[in-house]
Every structure is written in C-alpha cells, then in structure tokens.
2 protein chains.
Amino acid sequence: MQALFFDGRTPRLTDRPPPEPADGMAIVRVELAGVCNTDLEIARGYMDFEGILGHEFVGLVEEGPASWHGARVVGEINFACGRCEACAAGLGRHCAARRVMGILAADGAFAERVAVPVANLHRVPDGVTSECAVFAEPLAAAFEILEQVPVEADQHCVVLGDGKLGLLVAQVLADAGAKVLAVGRHADKLALLSGREIETCPVDDFRAESAQADLVVEATGSGAGLELALAATRPRGTVILKSTVAERPAVDLAPVVIHEIQVLGSRCGPFEPALAALRDDRIDVTSLVTDTYPLSRAPAALEATATPGTLKLLLTC
Amino acid sequence: MQALFFDGRTPRLTDRPPPEPADGMAIVRVELAGVCNTDLEIARGYMDFEGILGHEFVGLVEEGPASWHGARVVGEINFACGRCEACAAGLGRHCAARRVMGILAADGAFAERVAVPVANLHRVPDGVTSECAVFAEPLAAAFEILEQVPVEADQHCVVLGDGKLGLLVAQVLADAGAKVLAVGRHADKLALLSGREIETCPVDDFRAESAQADLVVEATGSGAGLELALAATRPRGTVILKSTVAERPAVDLAPVVIHEIQVLGSRCGPFEPALAALRDDRIDVTSLVTDTYPLSRAPAALEATATPGTLKLLLTC
C-alpha cells in the first residue's frame, strides 16, 4: 500500500506492506488524515521515530471484531500495554511501555490502512462529517485541559498561540464558559475566532504584566512561550504547557516560585467530549482546514505545513 | 541602633535610627536572627533592595498594643496592604502592594529592633527555645508544601538539596507520613536526617530515572535542579519548586508536557503548623545551627553563610 514512510532521515512516499490483523487490533481503511506540527518535529528527528507518519485520522474498520466492521471511526494514539500499574490506574496514555501511532514504535495513518487497538477506537457520531471527525485527536488534546484543571464560568483565560491547537483551545475554554483572550501573531488566524465571544490580541500589543489571568495556555510551539505565559498569570494562577519543542529554552523560574504559579504539562486528551462537541457543533474546525491533498502528495503537505499561514492540511488516503 | 544595612552595594554594620512606632505596627526587640541564603542573594543585588537585611527573627514586643507587650514573638515577613483583592481573598502573602521584611521596601531584623505589623506576629509557645523559634519562618516555608498539595501516607517523595530548606522539607514530609528520599551533595548534612526514617542518597549515586516519585521538592538553590527533579517524577506527579535563583537556566520542558507533570512554585508558608511542630518537638532544627555570631559580626556571618558546609548561622542582636 501507499504510505508516507520516514526512514529516520527523509519522509518519502513508499510502497509498504499493509498492516497484518492481530489480536485486539483493528485494521482501518483511512479516509482522511490530518497533518500535525508533531509530524514535522518527528521528520526533523524528534522521538527518533522510524515508520509511517501520521496520528490524526478517520476511516472505516475493515478487519477486527465483527461488531466494528464497517464502522466509521477515529482512534486514540497511545497503544497501552494494558498490564502495568499505570494502565491499571486508568492512565494508559502514560503507560511506560506504550507505543504511539506514528510517533513511537507504531506505524501511523498517512497510509491506505492503519492498525489500531480496538480499545482505542471511537465511533464517529452520525452527522459529524469526516472532515470534522479528523479533528477528534487534536480537539481531545484541547479538552484535556478541562480534565486537569477546573475551568469556571467567567474565569479569565489567556491562550498564547494562534496555531491549530491554540485556536481549538480558545474555543474549548470559551465553550466551558471562560472569558478568553487569544493572543497570536496572525490577524487572519485570530479572525477565525470572531463571533465566538473570544477576545483576540496581536502578540505585539499584548501587555502580559497587566493580564493577571487565572489560566494561561501556552500553545505557541516555541520555547520562549513559557516566560510570556508566566508573566501573564496571576499569583497562584495556572499555566498549561502544551508546546513540545526540541530546544532547551532559558527560563526565568523566579516568578513560578514568587507567585506560586502552577505549571501543568498537558498532552493527549479524552475523545468523548471532543466528539460530543463536534456532534453538537459547539466547536468550529472546518475553517481551520487550509487545504486537502491526496496521499500521493503527502511530502508536499508536510512541507506546506511548515509554511507560516498554513493551518490544518488534510490528506485523502 | 546597630544594624546590618545594605546600600545596594555592600552590607555594612551601621548605626541606624530605630524604627518609629506606627499604627498597626509593633516594635520588636530582636533577640536572635537567622541568616538565610536569600540574604546572600539580596546582597548580590537580587530584588534591588536597600535597607536593613534579615527576615528570620525571634524577639520581645517592646511597643504596640498593650496585649502584646513583652510577648516573645516571631513574625511573618509579608506586610500586606490589607485592602486589595488578594488580601480580601486571604492571600496577603501575594498582595501586589506588599512590603517584605528585609527583602522589599521594609527594614529587616539584622538590627536591635525591627518594626512588624501586629497582624504578622505569632506568640512563641512556652517551651520552645528562642534558638528553635527563630526557625519558624523557614520551617513555615517547608509547611507551605502541605498547604499546596495533598501529601499522603507512604507517598514516595524525593527532596533534592541538603541545604537548610531541604533538610527542613525532608523532615516535614516525613512527619506527614511520606516515604522520603533526601538527595544532596554533603554526607555530613544528610547525616543530620538519620534516625528520622528518611532515606538519604548522595546526588552522584542518585538514579533519577528510576525514582518515579509522586512528589519531588527542588530545593537545590541551583537553576539546574529543575531538570533533575523532572527526571525523578512519575507521570502526572508533582515537582515543588523552592529555589529562587537569579540565573535563567536552560530547561528541557518536554518531560513536563509528555508526562503531564505539575510544577508548583512554593514560597512563604503558614506559621501555625511550624510553631506547633516545634512545640511538639516533631522537627529537629537545633542540629542545623552551625554557629552563633554577635550582631556586630553580621558581615562575617553573611560571608560564612556563603561557605560550603555552613548551615544556619544565628545572630544575637
């Protein structure tokens, strides 16, 4: 089958053997896949991954338990061992022996077919288009914040970064009733949030020291984001750290101590609330789609994702 | 009166005017004061402070409300405005308009007398010697951790740093029932924890990656401590950050995100549990006293505090 394979140096469109059926696994015929910035980081060497890239997908179950045959599904990306302490505690996303689709020791979804543990599958609700459903994974990462910290009505939140994740996070927090200020570099991207009771502000005009936010989400994708986030947080407030970067940024940690700020890392999240929000049309994802490419042009899609101004690129597989 | 005055360049023993009585303030005749590493940092320019140094003290109330006359007291160091939103919420320690004794816009306790808001005073329980009571402030900072995170019986805690604060924190966590491993550079300092059901380990033998601690307290006083703390923390565990340093260390933040670690800054704490622990003899502080100097030799005490191997130096004022 056709797949975007990364050999540790260059992602290339290659003919790969299709995944074999195995116990507890389903084979999904990929319909659409989404390109994520993490794919770019991996293609630059992050995680030392070798294999088929891609971890955002929607497709139809071709093989696996009969009850799943033909189901339109999305899938969680952490393949937990199911036997360790973390798994027993319901923390499969933190299983130390986990494989991660397209990221760690498991082939990804930039391919005609992908193998996914049945336990990781979620049916796409009727009425949710595949173009929306393919956002389930990044939207779940945004919903993870609500699992980690209480977000109350009228809580003052700042979202730093107007990339894909920042735009989803801003919407999720506003949907939860918070007063959201989205800060970014791109007027056109921030404009996508208009009409959603979300304030926006160009980063150059943002006066972090006056923000005194209860909750700041750092989704800039840059190591420099944390210091800005700390400056915008009130004493005893919370910074949610979403960016994973390869660099080791220099950080002034004194504000963390002096203001007793909570810095909380946040990664993958729960699919249920994400799918429910898509079903109820509470989150706009379609305006985040910059373009759709055929799988055969996956290398070009990866390249285009690195271009400023691009939001989500989808692959028809 | 005699006082250790910092003019922004050099701490010098100087003759200073004694503090004037004012509304809501008490004048305390200082008996003993403790030298803290923060005093050193301030003498190196941290906080741009000018004034009398020192914020750990025990003494007798000389002037103020009649009910306090002659009382042996310790005092909280944050002088809150009492009128702002933070103060109304009971967060006077985070009042944006606060002055801080010997640190920010308020004269300190390396002097014969010091002015302290009456609201900040705590009576020293009978039976607690002044040599113990002078530890109330740093011990309160250790107890702050218990206010911030639940510490449960048999929780696996690592304390990084065998300085004064690290040794107090290790004891407070053990006193709360946690399983504590104290990691440091000095065998003689770690030995002070022996007989208290606290494991100790030289930092060179510490295998952070195997620790998988629920809670790690970073009290190394070095910017490099955070990365080691992160490595020692289990997924979804907590790092308490105690060190305030002037440097901006380079930090690999990826583990924070990947393992969804909570990093929590922690500063000043509640005096009540600290005084109660001293009263009940649950925490050993006297073995932390390296030496006692007369106030007239305060500059030498400051210098000696910077010497490796020194723990707490006290000043008789």
Side-chain angles (χ1 to χ4, degrees), chain A residues 38 41 46-47 85-86 89 91-96 98 100 103-104 141 144-145 147-149 209 212 218-219 222-223 225-227 230 233-269, chain B residues 38 41 46-47 85-86 89 91-96 98 100 103-104 141 144-145 147-149 209 212 218-219 222-223 225-227 230 233-269:
Chain A
T38 304
E41 292 286 330
Y46 174 64
M47 296 298 291
E85 213 176 306
L91 292 175
R93 296 202 292 268
H94 289 284
C95 167
R98 73 186 179 278
V100 188
I103 296 176
L104 177 67
E144 174 71 351
I145 296 169
E147 302 268 299
Q148 295 180 287
V149 291
E209 287 71 18
Q212 292 285 315
E218 198 292 295
S222 150
L226 178 55
E227 280 198 359
L230 291 172
T233 307
R234 69 159 169 82
R236 297 232 177 144
T238 297
V239 171
I240 298 279
L241 203 56
K242 274 288 184 190
S243 306
T244 42
V245 290
E247 47 176 327
R248 292 172 71 236
V251 185
D252 178 8
L253 296 167
V256 178
V257 180
I258 293 173
H259 303 307
E260 296 191 318
I261 291 171
Q262 176 192 36
V263 178
L264 199 47
S266 179
R267 191 170 41 98
C268 300
Chain B
T38 304
E41 291 286 330
Y46 175 63
M47 294 299 290
E85 213 176 306
L91 292 176
R93 296 201 292 268
H94 288 285
C95 166
R98 74 186 179 279
V100 188
I103 295 175
L104 178 67
E144 175 71 352
I145 296 168
E147 302 269 299
Q148 294 180 289
V149 291
E209 287 70 18
Q212 292 284 317
E218 197 293 294
S222 150
L226 178 55
E227 280 198 359
L230 292 172
T233 308
R234 69 161 168 81
R236 296 231 178 145
T238 297
V239 171
I240 298 279
L241 203 57
K242 275 287 184 190
S243 306
T244 42
V245 290
E247 49 178 326
R248 292 172 70 237
V251 185
D252 178 8
L253 296 167
V256 178
V257 179
I258 293 172
H259 303 306
E260 296 191 317
I261 291 171
Q262 176 191 36
V263 179
L264 199 47
S266 179
R267 191 169 40 98
C268 300

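Numbers restart at 1 for each chain; the letters A, B, ... are given by sequence-line order, proteins then strands. All figures in this text were calculated on a predicted structure; none of them were measured in a lab.
When all heavy atoms are compared, the tightest approach of S266(A) to V257(B) is O-CG1, 3.4 Å. Here the shortest heavy-atom pairing between R93(A) and R236(B) reads NH2-NH2, 3.8 Å.
Between the side chain of R248(B) and the main chain of V251(A), no donor-acceptor pair closer than 3.5 Å is present. Between the side chain of E260(B) and the backbone N or O of L264(A), no donor-acceptor pair lies under 3.5 Å.
Taking T233(A) as the reference, nothing meets the side chain to side chain donor-acceptor pair (under 3.5 Å) condition, with sequence neighbours excluded.
L91(A) touches chain B through its side chain: at least one heavy atom from C-beta onward sits under 4.5 Å away, while N, CA, C and O do not. For I261(B), the part lying near chain A is the backbone, with the side chain staying farther off; criterion is any non-hydrogen pair under 4.5 Å. Looking at I258(A), both its backbone and its side chain come within 4.5 Å of chain B, counting heavy atoms on both sides.
Chain B forms more heavy-atom pairs under 4.5 Å with one residue of E144(A), R234(A), E247(A) than with any other, namely E144(A). Taking S243(A), P255(A), C268(A), A250(A) one by one and counting their heavy-atom pairs under 4.5 Å with chain B, the maximum is reached by A250(A).
E85(A) CD: 12 or fewer foreign heavy atoms inside a 6.0 Å radius.
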